[in-house]
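Quick note on labels: first sequence line is chain A, next is B, and so on, each numbered from 1. Not measured: the values here are computed from a predicted model.
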Amino acid sequence: MKPAPFKYFAPSTVDEVLALLAEHGFDAKILAGGQSLIPTMNFRLAQPAVLIDINRIENLFFVREEAGELRVGAMTRHRTLERSSTVSRLAPLLTETMPNIAHPQIRNRGTIGGSIAHADPAAELPATMLALRARFKLASASEARWVEASDFFIDLFMTELQPEELLTEIAVPALPKRTGFAFKEIARRHGDYALVGVAVLLAVDEENICTDANLVFMSVGNGPVVGEQAQQALLGKKASAENMDLAAAAAASEDIDPPSDMHASSDFRRHLTKVLLKEALQTAFERAQKA
Amino acid sequence: MATRYFGKPIKRNEDPRLLKGQALFVDDVNLPDMLHVAFVRSDYAHAKIKSIDVSAAREREGVVAVYTAEDLGDYWQPGPLLVPPPPIAGLTFNQKTQVPLAKDRLKHVGEPIAVIVAASRYIAEDAAEDVIVDVEPLEAVADLESALSDEAPVIHEDLDSNLSAHVVQEKGNYAKIRAQADVLIKRRIFYDHGIAAAMENRGIVAHWNAKEQHLKIWDTTQAPIPIQNGLAAMLGLSESQVQVVAPFIGGGFGPKIMMFYPEEVLIPWISMQLQRPVKWIEDRRENFFATTHERSQIHDSEIALTRDGKVLGVQDVFLHDAGAYAPYGLTVPINSQCTLLGPYDVPNYYSEFKAVFTNKTIVTPYRGAGRQHGVFVMERLLDLAAKQLGIDRVEIRRRNYLTPDQFPHDHEIVYQDFAPLVYDSGNYQPALERAAEMIGFHDFIKNDQPAARTAGRHLGIGIVSYVEGTGIGPYEGARIKVDASGKVNVATGIGTQGQGHFTSFAQIVADQLGVTVDNVRVVTGDTCEFHWGTGTFASRGAVVAGNAIHAAAVGVRKKILKHASEHLEAAEADLVLDNGAVHVKGVPQKSVSLGELARISNPLRGAVKPGMEPGLESTDYFGPERGTTASGVHAMIVEVDPDAMMVEIKRFVVVHDCGKVINPMILEGQIHGGVAQGIGNSFYEELVYDEGGQLLNASLMDYLLPTATDVPHIETDHIETPSPLNPLGVKGAGEAGAIPVGALFAQAIEDALSDYDLEILEIPLSPNRLFELVHMQAATKQES
Ligand SMILES: Cc1cc2nc3c(=O)[nH]c(=O)nc-3n(C[C@H](O)[C@H](O)[C@H](O)COP(=O)(O)OP(=O)(O)OC[C@H]3O[C@@H](n4cnc5c(N)ncnc54)[C@H](O)[C@@H]3O)c2cc1C
């Protein structure tokens, strides 16, 4: 389990990275925390000719508030996000998500940029980013652009990120008033990728009528899956137990078409989605009333 | 004998070194000019090799040599049959053993095809990708049941089917008793056991020193002496030219006593060919394919009982997956066959099995070694009977236990060690009562469970029994010597794999010689230190090596007394050994240290008298006529979330009887580790194959081992029924923790989900499988 030969660069500025990406493009891979990339290289499933290590680029490591938004540098480690008070104030859903990702050792190395760029359909952060309506800044030698999370995740391990682009920054809008949130997942063992997970934002007005619902599922498709039918079952309606049940049923039967694998059948994943969404909506609703 | 250490939970001598990272493991061996090896392995479960092209690999910079089966010449031989079949009348056994490198046919994924030797492992792996193996894929035999059908492709061309063995053992007359039974319960039962997944993978370093004409091998083996002797024969060397060292081993659990792995045959040979040290360290991926497994059995079983729950007989017919070759003979299925009877009085037994070749990794014993499978069948049948007859689960076991006056008990069938299956001793009911009391069995059923159910929670309890045949022959030996410094050296040939031998063996010696445990240095697994013995397996270290060490210590003690009596001019009967010295009882000023005696007994001038040997040294052996029978009871309370089908273990109790306990702390460690592996087997681990014989989850990402958060606190207690078969009265304990856990899970989960009326007749389980079972059950109910 040794990787195939590769060339290694360890630049210290973003510009150098972008120049290297412009030169090597398809042949190159960015090395962030290495928690996903290194195993695939050791299995020789990935054999990049060039590795660009971005661990020395200081201005990719930050967590700050800017114009009422949360801004996070792509190299911010999972553990930093988990413990940041700026994150828990502006994006508590993200704080609630973090402990579900792997184990502390891995969270000490793994990065938010790596998770988003890797786009594993079972990963927590893509789903949470989608639920939070985050935006991603993608830079290349010629331009920098912001892409909505909803436009970013395309298919299995496929994103809007181009071979010559680097994900540099993530922007997360702060939660509006009377908006609740919840993250729930079921994994075989603590720290495993989830069998199913849900990330939920739910807003209600003073009459507890649902004004916004953003429901995202993980491990049930080729990427994070938005529960559009489930959202329809709630929007403009009372956030009642019955409507939540209807939403959960719609999610399980209409929104998702989960794969079967050795850990869970498609039927079991549908069932778990229903169970988790009900729980998550209830929690989010309770929080929304207080927010 | 003064008992100062025996029975005490003293801390382990070896731990400071291990904890500080100062213990030698095979991968720590680095020698000048050492070369590194990678293997080209089969991607196919079953295929014909058309050609192998290694030319590009040979040309790669840094590659020193590439070998295929062709290059081995006469050195290419199928491996030895490690355990021939026991003398059971009428058995069929088709001998097929693994080969060092595949020649014409590929018989399982991971089978080695070529060896690359290079300056680094990185280069060796690069070159492995250069090798082109052209094959004609063949249909794979992946399914146990259809492997014996007429349509199944035959794996070994010279056989007419995939039958590896067929064995029938019988006691009494089941057919006759069946006709008289009040109750017959018949079920198909499936049990699958996984991989040992030792923390340390296998590894070998071989160093042929041409000038010394000496071959030194470091090997992660549980059996260094047989490796030494076997390799010497294969390589045309004398046994004294070959030294095998099994240093610290990061877990063995059985697969590390498989002999000979292809890598074990090849690495030393390559070192001799190239006259350079050569290292191969197995990686985790190889471990999934190339280290032996233990896998599934399918049992069709029937139990016959009286109305009041007394077992009249059992009939069990099963299939056993042997894998592509069967170098370990019948050990695993015979263990299943013999252990099924458990602690119970079963007057009539008909047991028949067919071991079957499949295109999968070889099956050899892994902690429990087939005992799990048998215990699961018997315990499930008893649970079903209890339910049908309305008898309490504790009571049905109590009613069927062998009673203390029935020992030694002859089960009238033949065991894995070729001896009749005779239990040396046992007293089962106290362990059952103690476990039921510790877990509060009846109170739970009466109060806690219904209260939880009212609150919407699903709690369940399980209680199961088992026996474990341990401590079988042939023999082990030990040499003990007192140094002039007063330190005591113990050398034994048994391998060690983390069981605490450096401490428990020292405890036995310390008591005999009156020294402190930290003054006893134990060496195991170095053939230059001691070259008689077999290895560490079948929970036999404490029983066989322990008693050999005891005998040698008694020998040294005799010499000490003899010399001391002359030196101190006192009768032997008046001498006491204590504190590293010999004292005359009641005359404190008259004493001599063991170091001083060691010097006196090994003089530089003068004479060693006729009839005396120099030094305070003794060598002795212990060969039991048959094994000892340990036993125990496990009990567990679980909570099942019927929505997510997640299972949480609330309490886990083990009451265990392995005769005299040498070190209760080490024993608990053995039990804890075994239980952890049992939990993995029951609810997490599963080797998932597709129809083509491809293993789909060959990584620790998808092969789920239980982690610290999945293993609960384990409460233990001990009952001591000493074995009459050895002076120390000990029985083995290595496998006890692992054996009955599957049966326990099935029973406790069934109990927790009693409103779903499940029957769990399989292991492993998982949330997904429980979900399926509940839904299948609901569907069957609706239909009827
Ligand atoms: C045992 C284990 C358990 C795990 N469990 C979980 C889990 O439960 N949930 C979970 O979500 N994850 C889990 N992970 C993965 C972990 O969270 C990873 O850290 C994460 O998926 C990738 O982050 P990384 O920084 O390590 O990225 P890397 O592994 O370095 O890179 C991943 C991919 O993203 C690309 N990339 C990285 N950064 C950038 C960037 N800034 N711009 C463009 N491309 C980039 C790389 O080129 C590569 O293709 C686990 C990992 C391990 C080893």
Side-chain angles (χ1 to χ4, degrees), chain A residues 1-6 35-36 38-45 47 49 99-100 102-106 120 122-123 184-198 219 245 248 252 258-280, chain B residues 36 38 60-62 118 120-130 201 281-288 641-647 679-680 683-690 695-711 766-772 774-776:
Chain A
M1 295 183 78
K2 305 286 185 214
F6 55 86
Q35 298 304 296
S36 297
I38 298 295
T40 40
M41 287 172 66
N42 286 349
F43 275 107
R44 295 193 177 221
L45 297 170
Q47 303 199 359
N100 293 287
H103 318 279
Q105 296 91 322
I106 287 149
D120 190 316
K184 306 253 179 216
E185 73 169 41
I186 288 181
R188 287 298 316 272
R189 301 169 304 184
H190 180 75
D192 278 340
Y193 281 105
L195 296 178
V196 169
V198 298
S219 263
D245 281 355
S260 289
D261 62 26
M262 69 185 81
H263 299 303
S265 68
S266 181
D267 282 349
F268 189 42
R269 287 203 155 92
R270 281 186 203 278
H271 167 80
L272 290 177
T273 303
K274 198 167 17 175
V275 171
L276 286 184
L277 183 57
K278 266 196 245 178
E279 282 178 24
Chain B
H36 298 264
R60 184 180 276 271
E61 199 186 329
S120 77
R121 176 69 178 247
Y122 289 83
I123 297 171
E125 289 193 22
D126 293 342
E129 290 200 333
D130 297 335
N201 291 326
I281 300 292
E282 182 185 57
D283 66 31
R284 186 57 69 180
R285 194 175 149 72
E286 290 181 290
N287 183 263
F288 272 94
D641 167 1
D643 272 334
M645 290 298 172
M646 298 296 278
V647 174
I679 291 172
F683 204 68
Y684 295 94
E685 302 175 38
E686 182 177 7
L687 292 162
V688 183
Y689 280 91
D690 70 8
L695 180 57
L696 301 178
N697 58 342
S699 88
L700 294 182
M701 183 99 178
D702 285 317
Y703 185 86
L704 307 181
L705 294 172
T707 65
T709 53
D710 309 305
V711 179
S766 67
N768 186 62
R769 188 59 190 148
L770 289 177
F771 176 78
E772 282 173 358
V774 164
H775 285 257
M776 272 160 39

At a heavy-atom separation under 4.5 Å, does [X] approach chain B through its side chain, its backbone, both, or neither?
{"X": "Met1(A)", "result": "both"}
{"X": "Pro3(A)", "result": "both"}
{"X": "Asn42(A)", "result": "neither"}
{"X": "His263(A)", "result": "both"}

Check: So with a 6.0 Å cut-off around CZ of Arg285(B), is the heavy-atom count from everything else above 12?
Finding: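 Open: at most 12 neighbouring heavy atoms sit under 6.0 Å from CZ of Arg285(B).
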
Item checked: Spacing of Met646(B) atom CE and Ile186(A) atom CD1 [to the nearest 0.5 Å] ->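 Between atom CE of Met646(B) and atom CD1 of Ile186(A) there are 6.5 Å.
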
Pick from [options] with the largest number of heavy-atom pairs that fall under 4.5 Å of chain A:
{"options": "Leu696(B), Ile123(B), Asp126(B)", "result": "Asp126(B)"}
{"options": "Arg121(B), Glu129(B), Met645(B)", "result": "Glu129(B)"}
{"options": "Thr707(B), Asn697(B), Asp643(B)", "result": "Asp643(B)"}

Next item on the list: Give, as side chain, backbone, both or neither, the part of Ser766(B) having an atom under 4.5 angstrom from any heavy atom of chain A.
Entry: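 It is both, since atoms from each part get that close.
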
Item checked: Part of Arg284(B) within contact of chain A (heavy atom distance under 4.5 Å) ->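 For Arg284(B), the contact with chain A is made by backbone and side chain together.
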
Would you mind reporting whether [Y] and [X] have side-chain heavy atoms less than 4.5 Å apart?
{"X": "Leu770(B)", "Y": "Val647(B)", "answer": "yes"}
{"X": "Asn201(B)", "Y": "Ile281(B)", "answer": "no"}
{"X": "Glu125(B)", "Y": "Asp283(B)", "answer": "yes"}

Item checked: Set of side chain to side chain contact (heavy atoms under 4.5 Å, CB included) partners for Glu279(A), sequence neighbours left out ->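 With neighbours one apart ignored, the set is Lys184(A), Val275(A), Leu276(A).
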
Next item on the list: Applying salt bridge (Lys or Arg N to Asp or Glu O under 4.0 Å), name anything that partners Asp261(A), two or more places apart in sequence or on another chain.
Entry: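 Result, salt bridge (Lys or Arg N to Asp or Glu O under 4.0 Å) vs Asp261(A): Arg269(A).
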
Note to self: Heavy-atom pairs under 4.5 Å with chain B - which of Arg189(A), Met262(A), His190(A) has more of them than the others?
What the structure shows: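 Result: the option with the highest number of such pairs is Arg189(A).
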
